[in-house]
Amino acid sequence: MIDILFHVSTARGGAMLLPLARACARSRYACFFTHDGVLGLREPELCAALEGAQRAVACEESWNRHCPGIACPVELGSQTVNSALMGEAVRVVSL
């Protein structure tokens, strides 16, 4: 079970997620990045904060569209993974 799923789908979502991820360091949380939200994963500070997440997943299609040729710092997955995370989460916060 995941207490909070952060669903990041905007370019500014990563900046909003950073303090939330730090605050949730002792909670069971996960993140799914899609659309422009994957751009936040290019920030090393956010990637470091995500080390406390149970799971951090980027939509593979979105990553390849917005960050071609760059290795993704988190797990790559599909919208099916997104749906599964939503089903496991007690709360969803959309950024």
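Taking both residues in full, the closest heavy atoms of Leu41 and Ala58 are given as CD1-CB, 3.8 Å, listed atom of the first, atom of the second, then distance. For the pair Gly14 and Val8, the tightest heavy-atom approach, listed with the atom from each and the gap, is N-CG1, 3.8 Å. In terms of heavy atoms, His66 sits closest to Leu39 at CB-CD2, 3.9 Å. The heavy-atom pair separating Ala89 from Leu5 by the smallest distance is CB-CB, 3.7 Å. Pairing each heavy atom of Ile4 with each of Cys24, the nearest pair is CD1-SG, 4.1 Å. Taking each heavy atom of Cys31 and Leu85 in turn, the nearest pair found is O-CD1, 4.5 Å.
Of the possible donor and acceptor atoms, none in the side chain of Trp63 sits under 3.5 Å from a partner among the backbone N and O of Gly77.
Tracing side-chain contacts under 4.5 Å through hydrophobic residues (I, L, V, M, F, W, Y), one reaches Val38 starting from Ile70; they form part of the same cluster. Both Val57 and Val92 are assigned to one and the same hydrophobic cluster, defined by single-linkage of ILVMFWY side chains at heavy-atom distances under 4.5 Å.
Between the CZ atom of Phe32 and the OG atom of Ser94 there is a distance of 12.0 Å, given to the nearest 0.5 Å. To the nearest 0.5 Å, atom CG of residue Leu20 and atom CG of residue Leu95 are 6.5 Å apart. Summarising the geometry, atom CG belonging to Leu17 is positioned 5.0 Å from atom CG belonging to Leu46; distances are rounded to the nearest 0.5 Å. Note: Phe6 CZ to Met16 CE = 11.5 Å, rounded to the nearest 0.5 Å.
Enclosure of atom CZ in Arg12 is not indicated, since only 12 or fewer non-hydrogen atoms of other residues, nucleotides or ligands lie within 6.0 angstrom. The 12-atom threshold is exceeded at CD of Glu75, counting heavy atoms of other residues, nucleotides or ligands nearer than 6.0 Å.
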Handout entry: Steps toward side-chain contact (heavy atoms from CB on, under 4.5 Å) verdict (Asp3, Tyr29)
Key = CA-CA 6 Å; Asp3 293 326; Tyr29 76 97; 5.9 Å; no
Exercise for the section: May I have the step-by-step check of salt bridge (Lys or Arg N to Asp or Glu O under 4.0 Å) for Glu88 and Arg28, ending in yes or no? Expected result: CA-CA 11 Å; Glu88 292 177 37; Arg28 295 174 303 191; over 6 Å; no
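Residue Thr34 is tested with Glu61, Gln79, His7 for a side-chain hydrogen bond (donor to acceptor under 3.5 Å, both in side chains); the sole match is Gln79.
Between Glu45 and Arg22, the closest side-chain pair of non-hydrogen atoms falls below 4.5 Å. Residues Arg55 and Val81 meet the side-chain proximity criterion, which asks for heavy atoms closer than 4.5 Å.
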